[in-house]
Protein chains: 2
Amino acid sequence: MRDVPFARRPITINPVNSPTPGQCGDCGARHIGLCDALTDEDLGFLARVAQRVVISAGKTFIDEGTTANHFYDITQGDVRVFKSLADGRRQITGFMGVGHFIGLAVSGQYAFSAEAITDVKLCRFDRGPLLEVFAEFPALERKLLDVATHEMVIAQEQMLLLGRKTAIERVSSFLISWSERSDPYPDGTSKTSTVNLSLPMSRTDLADYLGLTTETVSRSFSQLKRDGLISFTDVHEVTLLKPQRVAALTAGEQ
Amino acid sequence: MRDVPFARRPITINPVNSPTPGQCGDCGARHIGLCDALTDEDLGFLARVAQRVVISAGKTFIDEGTTANHFYDITQGDVRVFKSLADGRRQITGFMGVGHFIGLAVSGQYAFSAEAITDVKLCRFDRGPLLEVFAEFPALERKLLDVATHEMVIAQEQMLLLGRKTAIERVSSFLISWSERSDPYPDGTSKTSTVNLSLPMSRTDLADYLGLTTETVSRSFSQLKRDGLISFTDVHEVTLLKPQRVAALTAGEQ
DNA sequence: CGGGACTTTGAGCTTTCTCAACGATGGTGG
DNA sequence: CCACCATCGTTGAGAAAGCTCAAAGTCCCG
């Protein structure tokens, strides 16, 4: 169910209900991303223009080139955002998890597609009404600017990776940044001991994210295994045995 | 003077004066970028926290990792924005021209460096005061969000280029997007006839932007010349003889 | 006119890709 | 419940795109 081929599927979205402020309290993304910018009371205004939707693994819910009618906030699961060329070549520009905000667009059209990697739950906002809410809560727009700025920083790092790093550096960089994303101790505590990571995406996803082929991703993993830096319990479960030595392979910046 | 080697130079900034609203009227960037979001009267508030600075070709004016004290608006010339690895490998993430806004940062530090390609004039804003102006003019913050969103779209396109396009596709893509940027007729009128482009950056800059080597950039240009699609009057002056055929080589999206 | 930096071209090499086969895994139907 | 099948992942061998190293050509300035 998890690794559905990413061939274009018809877009099917199942609105479940409008979250109430109380429901927002239960939301996995309540205190990250956009929603963290508001107090519980103010969140009601946001909830009023929101719908909860469920997307099953492998399904496309944003199609590049279509009219940008919605914003989305991920409340559960992981998403791949990507662009494609006419001949099918694909570049995944990001893996987005809980709390990530998707849907910023210029000239009214999405410049990217988005698909569920796992089963995904989203908070969906209608564009028009949400823009009105923004006018009322400048904190939201400020937050959105922060989000966009942060995305830009990550995008620049990815350009550096894609333009200038070797295969092993790319894979190592991915492992480290993915571990930092899942890391409850961003102070680096975990870097000294082993780290367990869940990789919900397929090797093809990884290849399309890192600008490589699946074979090269696989060979890089095998090399890291051979060198005793990582181990796999399952194809989608990796352990960083020597996080610092992996980090040393990322060709750190500056 | 134009092609100064891009080895790190000491940062030298020469504040010239604070622009007055009247001076803003003369500014090359008055009706593009950030400043276009304000009326002539409101622009006075912005001008109050601005200083005009001049950077000579080749000079660094933003250094990755340093404290982000300023925002910049380019009023003349071209700039390269880039990230570097410890061993000197460099990825140019963008060429910025008149009207472009530079300086968005998270966690108070620049995540990139910026250097003048040509002699450059900038409008420099102190971070603190500018944020106060933002609070007063939400239109500015909105505009900034638009800018950031647009940057993100371009960044995603660049990731697609870096991760998935061939050398000739990268060079063609660059030529087309550079022509669209300089194109006074964005409706495509110019695509049918020849287009003259000025390329202020060096081949090394192009290589570091496209994730190639200078040799490969040069060979790609030579191939396009051989095929009769482009011609050079000078190393920095290219003519697209068959813009549509060049566009056909970019592996257009979707 | 000469020197230095940049660009172009050539030849050989390396990394990564392509093509192919084999192995593992998970879901399905008998 | 197990066997089968489709899909995904890994490994190997050869091919190719782009890189490295080298040398010659061009241009700008002093």
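Per chain, numbering begins at 1; letters A, B, ... match sequence-line order.
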Nucleotide of C/dC17, C/dT8, D/dT11 approaching A/Ser218 most closely (side-chain heavy atoms) | D/dT11

The side chain of A/Glu215 lies closest to which of these nucleotides: D/dG12, D/dC19, C/dT16?
-> D/dG12

Between the side chains of A/Ser231 and A/Lys225, is a donor N or O closer than 3.5 angstrom to an acceptor N or O?
-> no

Polar side chain donor-acceptor pair, A/Asn196 to A/Thr239, under 3.5 angstrom | yes

Measure from NZ or CZ of B/Arg90 to the centre of the six-membered ring of B/Phe82, then state whether that distance is under 6.0 Å and the direction lies within 45° of the axis.
-> yes

Just to confirm, is there a sub-4.0 Å distance from OP1 or OP2 of C/dT8 to any side-chain nitrogen or oxygen of B/Arg203?
-> yes

Testing C/dT18, D/dT20, D/dG18 for proximity to the side chain of B/Thr166, the answer is D/dG18

Among D/dG9, C/dT18, D/dG18, find the nucleotide with the atom closest to the side chain of B/Ala167.
-> D/dG18

Would you say D/dG9 has OP1 or OP2 under 4.0 Å from some side-chain N or O of A/Thr214?
-> no

Any idea which of C/dT8, D/dT10, C/dC17 is nearest the A/Ser222 side chain?
-> D/dT10

Taking only N and O in the side chain of A/Thr216, is any of them less than 4.0 Å away from OP1 or OP2 of C/dT16?
-> no

Taking atom types as modelled, is there a side-chain donor on B/Glu237 or B/Ser198 under 3.5 Å from an acceptor on the other?
-> yes

